[in-house]
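Whatever order the structure lists them in is the order used to number ligands and atoms, beginning at 1. Residue numbers start at 1 and run along the sequence shown.
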Amino acid sequence: MIQIKTIEEYHLAYQKSKNNPNEFWEEIASEFVWKSKWTQVMEYDFLKGHSVWFKDAQLNITENCIDRHLAHNGTKIAIVWEPNNPSESGISLTYNELSLKVNQAAAILKKNGVKKGDRVCLYMGMIPELSIAMLACARIGAIHSVIFGGFSAQSIADRLIDAQASVIITCDGAFRGDKVIPLKSVVDDALNTYQLIDKVIVVARTHTPVSMIKGRDIWWKDELQELEKEGILFVEPEPMDAEDPLFILYTSGSTGKPKGVVHSSAGYMVWAHYTFVNVFQYESQYKHFCTADIGWITGHSYIVYGPLSAGATTVIFEGVPTWPDAGRLWDVVDKYQIDILYTAPTAIRTLMGAGLSFFSDKNLNSLKILGSVGEPINEEAWHWLDTHIGKGRCPIVDTWWQTETGGILISNLAGVTPSKPSFATIPLPGIFPILLDENGHEITEANITGHLYIKQSWPGIIRTTYNNHHRCVEAYFSTHKGYYFTGDGSFRDENGNYRITGRVDDVLNVSGHRIGTAELENAINSHAGVIESAVVAFPHAIKGQGIYAFVVVEDSQFTQEHSPLDIVATVSRLIGPIAKPDKIQIVKALPKTRSGKIMRRILRKIAEGELDSIGDTSTLLDPKVVEEIIQNVV
Ligand code: PRX
């Protein structure tokens with residue numbers, strides 16, 4: 001485990017990653033188990049959106065996340081699973097047990113015809129079988145595509161069609177607080193649209209009644225029983241080329257359709273591992289608790305692949321921070337004596353609002369490192385976390401990164417490099433950020449905000465968007481040629497600390513979840529009677545950003561039977577409950593320029609309540625439209 005332990009070592013590592021990247025990465029990569037070594041450390045061409053790391057090497061990530069730990073750490077706990085309901089017992093799996101389960105799951109997939117390169121979709125709750133299924137796919141070289149449980153049948157169908165998946169693994173249902181989400185039934189609806197699925201493998205969790213279609217739907221436990229009869233305990237790990245895809249994860253961008261971000265086998269592994277051990281200053285006895293859902297990139301990199309590659313004990317929590325009460329997260333910390341807690345500002349703000357009584361009787365003394373991810377953390381939340389949870393003795397890492405980056409790019413290293421509230425601070429070794437102005441000129445001055453780009457490739461960078469490389473080049477490598485465009489704005493202080501100010505494209509960040517405005521508008525416009533719409537963000541005390549939709553409807557619509565709530569229902573059906581607008585304002589018209597372009601800037605100001613800074617409206621086709629909207633703000 002190559003770890004930076006002092007600020008001097010950080011500067012040396014950063015310089016080396018700049019001046020001698022081949023040697024720098026070779027040393028880090030040499031710690032892993034390879035089936036054959038690389039012929040070249042890296043090659044990249046940002047003009048073509050092309051990156052290759054550890055060229056020609058072969059490996060299997062599961063040998064690095066599981067097999068290599070068995071000799072010395074086989075009896076160490078790999079996964080701690082804490083169920084939704086505190087009265088139900090949790091489960092702990094040692095590395096030996098995880099190995100057996102992953103091998104068995106790999107055998108189930110093989111028996112059901114899954115081969116290297118096939119796409120397997122996982123639509124499951126937060127149970128150990130989800131990470132077991134991911135690792136089982138990786139073991140046999142199948143590409144997993146995890147879909148978050150808050151997405152609708154239509155969203156699943158869109159992803160299945162794009163990935164041309166052949167197998168789905170799901171659950172009968174998922175527990176989330178006091179709700180049961182009928183996952184299998186949502187999958188069934190998706191399969192009315194996409195019919196090329198060979199098998200649906202169902203894990204029993206909630207015992208919700210489910211329909212099981214003969215020849216297509218099978219129970220995970222029945223498959224396991226058969227394997228046990230046959231005594232299959234081991235599946236040979238498939239040799240994977242370094243650049244073979246490990247997984248696809250769909251994410252929203254500024255266009256209407258989510259993109260299938262593809263990550264590689266070797267580079268992603270090296271990056272998830274290196275960032276995990278350095279940012280969190282992981283030590284072998286630490287228990288790591290990341291509260292994200294595995295359906296997002298944070299769960300992939302910092303519940304599953306990063307921690308397991310380091311031989312860590314990682315917690316999977318099925319529940320939500322506020323159920324049965326706002327002390328639930330602190331229960332988990334206390335129960336397992338957690339060392340590293342990695343969570344999101346939205347969760348911190350929610351728990352902050354609940355008051356101090358929820359953790360006054362909890363022992364949080366085991367905590368050593370706190371982390372934040374997904375959205376800017378406001379100073380108030382940062383200080384609350386520092387004072388009340390970290391008791392002033394736990395470094396807080398504010399980690400900035402994206403689905404496309406595979407792992408953390410900008411963050412302080414816990415207790416090694418300084419933190420600064422609301423700043424992600426400095427780049428990791430191998431990351432060379434640059435701020436450009438709107439015209440693509442580099443901003444070299446301090447204390448100025450610009451658009452954040454990255455100059456050079458790093459091991460965990462997005463390799464392509466599934467089945468459509470052109471889209472990848474367009475979205476990430478075309479805004480200013482030769483740079484990776486993050487879609488974020490950033491301020492940089494005189495010490496080179498970055499403070500991410502939020503998206504500069506048409507992407508919202510609601511509770512740390514990315515949602516494209518174009519995707520939302522498409523869904524709203526599909527609702528009967530809607531003529532057109534424009535969606536913008538407004539500041540939300542808990543979620544960071546809320547969704548504000550301005551909607552033009554046909555006159556005859558929206559009587560009592562047709563209310564804005566119906567629009568919410570349509571969005572929920574087409575995208576999923578996570579994308580429900582918080583506010584819908586029915587308007588007569590949208591503010592447009594004479595050429596027909598919607599002036600979102602004006603709508604944003606209205607949604608933010610900043611009526612004084614709306615600016616000049618004289619270029620609008622009809623300036624009166626703005627007055628009408630302001631008068632009826634919701
Ligand atoms: O806007 C940034 C914000 O989340 C976006 C990436 O979203 P996603 O791909 O869903 O991944 C989230 C988890 C890595 C970024 O473009 N973001 C992420 N982390 C931070 C952040 N904004 C400010 N500070 C952060 N630490």
Does any N or O in the side chain of D293 come within less than 3.5 Å of the main-chain N or O of W296, such that one atom is a donor and the other an acceptor? no

Under a 3.5 Å threshold, yes or no: a donor from one side chain and an acceptor from the other, between N278 and Y10? no

With respect to C394, which candidate in I369, L385, L370 satisfies the side chain to side chain contact (heavy atoms under 4.5 Å, CB included) definition? L370

Would you please say whether a donor-acceptor pair under 3.5 Å links the side chains of R463 and S264? yes

Quiz question: by atom type and distance under 3.5 Å, do the side chains of T405 and Y484 form a donor-acceptor pair? no

Identify which one of E375, E379, E380 satisfies the salt bridge (charged side-chain N to carboxylate O under 4.0 Å, His left out) criterion when paired with R349. E375

Close-range residues for ligand 1, whose non-hydrogen atoms fall below the 4.0 Å threshold: I297, T298, V373, G374, E375, P376, D398, T399, W400, W401, Q402, T403, D488, I500, R503, N509, R514

